[in-house]
Amino acid sequence: MKPAVIFVVALSLVAQSSDQSRFSADVTRVNLLFTVSDRKGRFVQDLLKDDFEILEGKKAQTIVQFTSEANLPLRLAILIDSSNSIRERFKFQQEAATDFINAVIRPRQDKVTIVSFDMTAELVADFTDDTEKLGNAIRGLRPGGGTAMYDAIYFACRDKLMQDQPLEKFRRAMVILSDGDDNQSRWTREQALEMAHKADVVIYAISTNRTGLETDGDKVLKYFAQETGGLAFFPFKAQDMEQDFSNIASELRHQYSVLFRPEPFVADGLYHAVKIVVKTHKDLVVRARHGYYAPTAN
C-alpha cells in the first residue's frame, strides 16, 4: 500500500486580495441550511415553506427559495487533529473517521476532503468520492506537534468548501476531531468562524477530551458548532465516536435549506444576525447558523 501523499498548505496565509473574488455567487442572497427537531430530538421532515419565518432584527424577510431535500450533493471536510495531545486515541479516531466516510459518501455525487493539523494544516486528500483513497490518506497520518485548528478551519472553508458554486446547490459541512486547544494558528477563532459563515458551512465537532471535565477546548468546539448550526459531541470513551459519527451522517440527510434576499440590503461588510422560527409549531427546535456577513460595497 502506497503511503498517502501529503500536500503542505502554506499557512503564512497572508490576507489575499483574491478572498473577495471567491464570493462570486449572487451576494445579495443569503442561504441558510438548518435542521428542525421536536423536544425529544427527533427530526421533523414534513414542514413547508409557509411554516417558517426568517427574522433579521425584528423584520421578517421574504423567502425566495425553500427546499427540503435529502439528496443535495455533499461537500464535506474532515479535519483531524494530529497533534501530540490526542496521541493515545489516534488509531481509533482514524478507524471511526474511515468508517464514517464509507457510510456517508455516495459515489459520483458526494465528495470529501481531508485536512490534518498539528503545527500547520496539511491537505491530506483533495476532494474525491474515492473512499479507498480517503481511507488510505487517514490511515497514513501520524500524530506529532502543536495544534493549528483555526488555520485548518480557515483554509478548508476558503480554499476547498467554497469551490463548487452556487453555494445553495450543495450541502457543505465540516467534521472536526480535536481537543479544541489551539496553540499555533495565525488566524483567530473569529476569523475562522467568519470564513465558515461565508462558505455556508455547518460545523460538527467531536471532542477527543477524555477527562470527563469540560475544558476550554471543549467550549471552543461547542462555540463553532452552535454558531454554524451544527453539533458538538463529547464521547466519554473512544468507542462512543462511532455513534457520534452515525448521528452526524443521519443529520446530513435531514436538513432544510432557505434562500432569502435581505431587506433592506446593506453592503457594509458586517455580520447581520438572523433567526429562523417555525410559525406553526412553537414546540419545535430549529438549529441554524445565527447570521451572515454582508459583502462590502465596491
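Sequence positions, counted from 1, serve as the residue numbers for this chain.
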Please say yes or no: joined through hydrophobic side-chain contacts below 4.5 Å, possibly via intermediate residues, are [X] and [Y] part of one cluster?
X: Phe170; Y: Met162; value: no
X: Ile176; Y: Tyr223; value: yes
X: Val286; Y: Val30; value: yes

Restricting to side chain to side chain donor-acceptor pair (under 3.5 Å), what partner residues turn up for [X], sequence neighbours left out?
X: Ser207; result: Asp218
X: Arg75; result: Asp164
X: Gln226; result: none
X: Asp200; result: Arg289

Next on the checklist: Under the ring-ring contact (aromatic ring centres under 6.0 Å, His included) definition, can you give me all pairs with a residue in residues 74-93, not counting sequence neighbours?
Outcome noted: none
Checklist entry - For the atom pair CZ (Arg261) and CD1 (Ile63), what is the distance rounded to the nearest 0.5 Å? => result 14.0 Å
Would you indicate whether the side-chain heavy atoms of [Y] and [X] approach each other to under 4.5 Å?
X: Phe127; Y: Lys160; value: yes
X: Asp182; Y: Arg189; value: no
X: Val285; Y: Arg39; value: yes
X: Gln93; Y: Thr208; value: yes
X: Val258; Y: Ile54; value: yes
X: Asn136; Y: Lys133; value: no
X: Tyr256; Y: Val36; value: yes
X: Asp179; Y: Asp81; value: yes

Least distance between heavy atoms, [X] atom then [Y] atom:
X: Gly291; Y: His197; value: O-ND1, 3.9 Å
X: Thr215; Y: Thr211; value: CG2-OG1, 4.4 Å
X: Arg108; Y: Asp129; value: N-OD2, 2.7 Å

Set of residues satisfying salt bridge (charged side-chain N to carboxylate O under 4.0 Å, His left out) with respect to [X], sequence neighbours excluded:
X: Lys169; result: none
X: Glu242; result: none
X: Lys111; result: none
X: Asp38; result: Arg42

Taking only distance into account, with no hydrogens and no angle test, what donor-acceptor pairs under 3.5 Å do side-chain atoms of residues 244-255 form with protein atoms, sequence neighbours excluded?
| from | atom 1 | to | atom 2 | distance (Å) |
| --- | --- | --- | --- | --- |
| Asn247 | OD1 | Gln243 | NE2 | 2.9 |
| Asn247 | ND2 | Gln243 | O | 3.4 |
| Glu251 | OE1 | Arg287 | NH2 | 2.9 |
| Glu251 | OE2 | Tyr204 | OH | 2.9 |
| Glu251 | OE2 | Arg287 | NH1 | 2.7 |
| Glu251 | OE2 | Arg287 | NH2 | 3.4 |
| Arg253 | NH2 | Val104 | O | 2.7 |
| Arg253 | NH2 | Asp110 | OD2 | 3.1 |
| His254 | ND1 | Ser250 | O | 2.5 |
| Gln255 | OE1 | Arg171 | NE | 2.8 |
| Gln255 | NE2 | Tyr204 | OH | 3.2 |

Please report, to 0.1 Å, the donor-acceptor pairs under 3.5 Å made by any side chain of residues 272-280, with sequence neighbours excluded.
| from | atom 1 | to | atom 2 | distance (Å) |
| --- | --- | --- | --- | --- |
| His272 | ND1 | Glu56 | OE2 | 3.1 |
| His272 | NE2 | Asp268 | OD1 | 3.0 |
| His272 | NE2 | Asp268 | OD2 | 3.2 |
| Lys279 | NZ | Asp50 | O | 3.3 |
| Thr280 | OG1 | Asp51 | OD1 | 2.8 |

Item to check | Under the side-chain contact (heavy atoms from CB on, under 4.5 Å) test, residues paired with Thr67 that sit two or more places apart | outcome: Gln65, Glu69, Ser257
Checklist entry - Going by an N to O cut-off under 4.0 Å, is there a salt bridge joining Glu95 and Arg139? => result no
Checklist entry - Are Phe52 and Phe66 close enough that their ring centers fall under 6.0 Å? => result yes
Checklist entry - Ring centres of Phe155 and Phe117 under 6.0 Å apart? => result no
